[in-house]
Novice: 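Take a look at the following structure, please.
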Amino acid sequence: MRNFKDYSEYDKKENWKVGSKLVHGAAGGDPLTGSVSFPIYQTATFRFRALGDSLGFDYTRCQNPTIEELERTIAMLEEGTEGFALSSGMAAVMCAFSILKPGDHIILSDDIYGGTYEIAQTVFVDNNIEKTFVDLSDLNKFKASIKPNTKMVFIETPTNPMMKVADIAEISKIAKEKGIVVAVDNTLLTPYYQKPLTLGADIVVHSATKYLEGHNDTIAGLVVVKDEKLGQAMRNFLKYQGACLAPLNAWLTLRGIKTLEVRMQRHNENTMKVAKWLRNHPKVKKVYYIGFEDHPNYEVTKKQCTGFGGMLSFEVDSKETALKVIEKVKMIVFAGSLGGVESLITYPMIVTHHEVPEDVREALGINERFLRLSVGIEDADDIIADLEQALK
Ligand SMILES: Cc1ncc(COP(=O)(O)O)c(C=O)c1O
């Protein structure tokens, strides 16, 4: 019988294309039993054969084979050295922030995910961590916001919901010179379309709840690093905060990852069609979508991403139209998440960004006429038909 820690099969995957790596994961099944589907090791603890003699696992909060398979899979996909599976995307964000100490300064994308914004407004204040929200699609603004005590820049790219794109390589180059850690929330594009660590970032964060798991049925978070010291800090956070992912949720995430390539390709294709259709609708004033050639950051997108993903936002002619759309959609679901197989529409002003002060929200463009659409993998014609009847 082989040992769990025998990963010789894994090494053979180096030359595989990404679609094959996604389907097979890191270990390619259960090294112990040969089970093709990696088993769910639903256990809290592991038997010691003798003092100091185990199969490498002792307690699920610290290690578990199913969780480890997910951690090794995401590390392989993001081209990092170590992955960490956490109970939610928020836990993953907090894990990245755990290296900040009182007196440190952090720079964050200005229209960051609402939950991350809340962390900045509460946890950072309580812990005397200084913060600056910056439009990171503008390198000059980023440079101007750096202070002697800047410890981290936290990038979301594209941002959500305004779909601004930051140049990860250029920001990383500048940050490196100043000893600033670069963390990227890669939830929206996933390693299938964007690999921040290969562009110079130090930490990648995921709400795996979204595209990685992909089915709107699990909450999960992932972190990947390429530096040993950062890895130790992430592991300590996970262990001491007790923010581990449950084995079942790790398995659901692994199962979702198997189909990431086909799902992302379909999201990408559908979103392009829907974005183009929306743009020509008389009641739609503006469509925010990174796949448009006239998007202000299109060149950066083309340089650092291999696809445009499944997200878009749009502004309609009035608040009444916006409210009517969320009330009248039939197949598209009015719900506050993204990245799953079902198309979801949301009203960011109330649902995702209610904690953001009105003046900040308005300045970003998140107004009462603004809607965000996570384009699912249904037939694009049906998504368009649903929007058409809802916009009537
Ligand atoms: C970009 C982004 N990061 C992090 C999170 C938080 O993830 P979770 O909801 O899995 O805790 C979300 C959730 O919507 C998100 O959209």
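Order of listing sets the numbers, starting from 1, for every ligand and every atom in it. Below, each value reflects all heavy atoms present in this structure, side chains not excepted, and no hydrogens, waters or symmetry copies.
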Novice: Between R235 and E228, is there a side-chain N and carboxylate O pair less than 4.0 Å apart?
Specialist: no

Novice: Please state which protein non-hydrogen atom is closest to atom 7 (O) of ligand 1 and give its distance, to 0.1 Å?
Specialist: S207 OG, 3.0 Å

Novice: For a quick test of reading the model, state the closest non-hydrogen atom pair linking P158 to I290 and the distance between them.
Specialist: CB-CG2, 3.9 Å

Novice: Would you mind listing which atoms of ligand 1 come within a distance below 4.0 Å of any non-hydrogen atom of S88?
Specialist: 11 (O)

Novice: With a cut-off of 4.0 Å, which atoms of ligand 1 are near a heavy atom of D185?
Specialist: 1 (C), 2 (C), 3 (N), 4 (C)

Novice: Among M311, M90, K210, whose heavy atom sits nearest atom 9 (O) of ligand 1?
Specialist: K210

Novice: Distance only, no hydrogens: is a donor on one side chain within 3.5 Å (strictly under) of an acceptor on the other, for D111 and T159?
Specialist: yes

Novice: Would you mind checking which non-hydrogen protein atom is closest to atom 10 (O) of ligand 1, with the distance to 0.1 Å?
Specialist: T209 OG1, 2.6 Å

Novice: Show which atoms of ligand 1 fall inside a sub-4.0 Å distance from at least one heavy-atom site of G89.
Specialist: 6 (C), 7 (O), 8 (P), 10 (O), 11 (O)

Novice: Given the rule in the side chain to side chain donor-acceptor pair (under 3.5 Å) test, do Y117 and Q121 qualify, once you have shown the distances and angles that lead to the verdict?
Specialist: CA-CA 6 Å; Y117 180 86; Q121 297 297 52; 2.8 Å; yes

Novice: When rounded to the nearest 0.5 angstrom, what is the spacing between CD1 in I99 and NZ in K229?
Specialist: 9.0 Å

